[in-house]
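Here the structure comes first, spelled out in structure tokens, and everything after it is commentary.
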There are 2 protein chains.
Amino acid sequence: MKKRQLIERVSKEAEEDHAQPRLTRADWLEKALEMLIENGIDAVRITRLADLLRVTRGSFYWHFADRNELLEAMLEVWQQSNTASIIQAATAPGTLQDRILALFICWLDPELFDPRLDFAVRDWARGDAALQAVIAQSDQQRMDALIAMFAAHGFAERQAIIRARNFYYTQMGYYALNVREPLSVRLSYVATYFETYTDEKLDPQAEADFRQKIIARRDLWGDERIPAR
Amino acid sequence: MKKRQLIERVSKEAEEDHAQPRLTRADWLEKALEMLIENGIDAVRITRLADLLRVTRGSFYWHFADRNELLEAMLEVWQQSNTASIIQAATAPGTLQDRILALFICWLDPELFDPRLDFAVRDWARGDAALQAVIAQSDQQRMDALIAMFAAHGFAERQAIIRARNFYYTQMGYYALNVREPLSVRLSYVATYFETYTDEKLDPQAEADFRQKIIARRDLWGDERIPAR
DNA sequence: CCAACACCATACAGTGGTGTATTGGAAGAT
DNA sequence: ATCTTCCAATACACCACTGTATGGTGTTGG
């Protein structure tokens with residue numbers, strides 16, 4: 001689901017097409033999430049957001065009761081985006097190869113899974129046990145879906161767990177380290193990773209299709225040129 | 001290297017045994033790191049530290065020029081602890097099995113590798129390009145050591161890279177998700193992980209020795225009872 | 001046409017933080 | 001015994017931010 005849509009839904013504002021006269025609750029929420037992602041929760045200050053939005057804080061306190069209400073709305077956006085994408089990719093019908101490739105797409109498309117938001121929220125939870133519990137629950141749901149996926153495709157319980165952990169933790173580790181590589185490099189690892197996770201060879205035709213699908217999404221790779229093979 | 005020792009070295013204070021009359025630079029630094037780990041960099045406030053240390057801020061400004069000088073000292077402690085442990089474990093002589101098990105010990109012993117400090121620093125770097133560069137350099141050093149390790153034990157370049165990434169990212173992902181499992185559970189995964197990373201069976205005797213070594217370190221596992229097999 | 005509403009500006013009180021300047025006091029050196 | 005030196009307390013000026021109360025203005029509907 002598109003993030004702006006989610007933000008608006010959480011903001012409980014059905015966007016009538018007539019351009020909103022001034023600011024909406026969703027505008028504040030969007031800027032706040034941007035700030036969270038780029039500078040952490042402690043940079044989410046009403047004063048700063050007001051400056052960025054070119055209004056005074058008076059506007060904020062019309063849309064929100066206080067800062068805490070904003071924070072709760074932010075968390076709600078997170079809860080309804082990243083986790084859902086992973087679970088959907090893992091539980092759709094099809095072969096194991098289809099599922100793994102669908103998850104790879106998740107890892108590559110920030111509209112489906114935004115790692116910066118995920119880690120900003122984790123960071124936010126530092127020293128906040130209640131928030132940590134919420135996050136742990138989402139992680140559990142994600143892991144359960146992955147374990148069930150491997151189990152449904154022939155792996156014994158223990159093997160399914162290890163493979164799911166490898167799959168999920170490796171990707172989270174990759175994000176945690178803030179690795180910055182061109183998409184072409186990431187694509188070049190796809191087949192090898194696939195074999196590591198499944199012990200099967202990746203069908204060359206499927207890999208080609210995957211590359212095509214990614215390359216078609218120009219928005220994912222900026223100016224870079226990616227050879228089709 | 002013991003963390004308190006490092007903190008004191010960075011503080012350039014050879015600790016004469018006579019109990020220091022009041023506070024040292026290292027005391028402030030230690031509390032600041034504790035605060036960083038538990039509540040993030042934005043919680044590292046001179047006022048709060050002074051309260052915790054039961055002195056006024058006047059003391060702080062005798063030991064440090066300003067808050068920034070404290071932050072630089074904190075970063076220096078991080079630089080000289082975690083990365084060194086990993087590189088040492090990966091580059092020591094011996095078989096691949098020895099190396100992997102040495103690294104597993106790193107992952108289990110916070111004196112060698114403190115994941116909470118590592119991630120607190122990474123979060124601290126959010127929105128700070130200079131700090132991100134410092135961290136990226138440390139990550140590169142760690143990865144290089146791991147790749148060289150796999151390469152030195154018979155894996156081709158590409159395979160060595162994938163295996164090193166899998167090994168390192170999986171562990172970082174585990175920490176990033178703040179997983180809390182008893183040590184006994186983590187130990188039960190050791191052999192399976194080993195086989196995933198190396199494609200070799202873990203020698204039962206080596207595994208038993210490994211368990212013994214961990215169990216001997218009671219400080220790592222609190223009250224828990226771990227069966228020797 | 002004007003009244004009500006939606007949205008924003010302004011002004012104010014209060015809190016928590018930084019950094020500086022100055023003073024106070026206890027231990028060790030002479 | 002006093003004199004430094006080291007370390008900490010106090011007081012002050014100065015933000016940045018929160019939240020509240022109230023007033024102002026453009027837009028819409030009756």
Side-chain angles (χ1 to χ4, degrees), chain A residues 7-8 11-36 38-75 124 126-128, chain B residues 7-8 11-36 38-75 124 126-128:
Chain A
I7 291 169
E8 275 156 6
S11 301
K12 284 156 200 142
E13 288 170 353
E15 181 170 27
E16 316 286 327
D17 307 76
H18 63 74
Q20 59 259 13
R22 287 145 129 172
L23 284 186
T24 67
R25 191 178 156 99
D27 291 323
W28 283 97
L29 189 45
E30 189 173 31
K31 261 284 183 273
L33 285 167
E34 191 182 316
M35 207 69 196
L36 169 69
E38 303 201 332
N39 299 99
I41 193 64
D42 288 286
V44 178
R45 302 280 117 193
I46 299 163
T47 307
R48 285 156 146 329
L49 298 178
D51 289 348
L52 291 172
L53 291 171
R54 310 257 177 196
V55 294
T56 60
R57 296 178 303 111
S59 168
F60 177 85
Y61 286 102
W62 193 89
H63 292 289
F64 296 86
D66 52 19
R67 182 167 178 270
N68 208 50
E69 192 175 308
L70 173 66
L71 298 189
E72 283 174 10
M74 292 167 66
L75 195 60
W124 174 9
R126 188 183 303 279
D128 182 337
Chain B
I7 290 169
E8 275 157 5
S11 301
K12 285 156 198 140
E13 288 172 352
E15 182 171 28
E16 317 286 328
D17 308 75
H18 62 76
Q20 60 259 14
R22 288 143 133 176
L23 284 186
T24 68
R25 191 177 156 99
D27 291 323
W28 283 95
L29 189 45
E30 189 173 32
K31 261 282 182 278
L33 286 167
E34 190 182 319
M35 208 69 197
L36 168 69
E38 302 201 332
N39 298 98
I41 192 64
D42 291 285
V44 178
R45 302 281 118 191
I46 298 164
T47 307
R48 288 165 81 86
L49 298 178
D51 289 349
L52 292 172
L53 291 171
R54 310 259 178 195
V55 293
T56 61
R57 294 178 306 110
S59 167
F60 177 85
Y61 286 101
W62 194 89
H63 292 288
F64 297 86
D66 52 20
R67 181 166 179 270
N68 208 51
E69 192 175 308
L70 173 66
L71 299 189
E72 282 172 12
M74 291 167 68
L75 194 60
W124 174 9
R126 188 182 305 277
D128 182 336

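Just so it is clear, the values below take in all heavy atoms, side chains as well, and ignore hydrogens, waters and symmetry mates. Below, chains carry the letters A, B, ... as their sequence lines are ordered, and counting in each starts from 1.
- Between the side chain of A/His63 and the backbone N or O of A/Asp27 there is no donor-acceptor pair closer than 3.5 Å.
- For the pair B/Asn39 (side chain) and B/Asp42 (backbone), a donor-acceptor distance under 3.5 Å is absent.
- The number of heavy atoms from other shown groups lying within 6.0 Å of CZ (B/Arg48) does not exceed 12.
- If you measure from atom NE2 of A/His63 to atom P of D/dT20, you get 17 Å, rounded to the nearest angstrom.
- Between B/Trp62 atom CH2 and C/dA21 atom P there is a gap of 17 Å when expressed in whole angstrom units.
- Across the protein-nucleic acid pair, A/Met35 atom CE and D/dC17 atom C1' stand 14 Å apart, rounded to whole Å.
- Atom CG of B/Asp42 and atom P of D/dA16 are 16 Å apart (whole Å).
- No donor-acceptor pair closer than 3.5 Å links the side chain of A/Asn68 to the backbone N or O of A/Leu71.
- Distance A/Phe64 CZ to C/dC8 C1': 15 Å, rounded to the nearest Å.
- Taking atom CG of A/Leu52 as the reference point, atom C1' of C/dC8 lies 17 Å away to the nearest angstrom.
- Atoms CG (B/Leu53) and P (D/dA9) sit 11 Å apart, rounded to a whole Å.
- The nearest whole Å value for the distance from the CZ atom in B/Arg54 to the C1' atom in D/dA8 is 16 Å.
- With sequence neighbours left out, the side-chain contact (heavy atoms from CB on, under 4.5 Å) criterion links B/Thr47 to B/Asp51, B/Arg57.
- Summarising the geometry, atom CZ belonging to B/Arg45 is positioned 13.5 Å from atom CG belonging to B/Leu52; distances are rounded to the nearest 0.5 Å.
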Using a cut-off of 4.0 Å between protein heavy atoms and nucleotide atoms, how would you tag nucleotides 14-20 of chain C 5' to 3' with B, S and -? ---SBBB
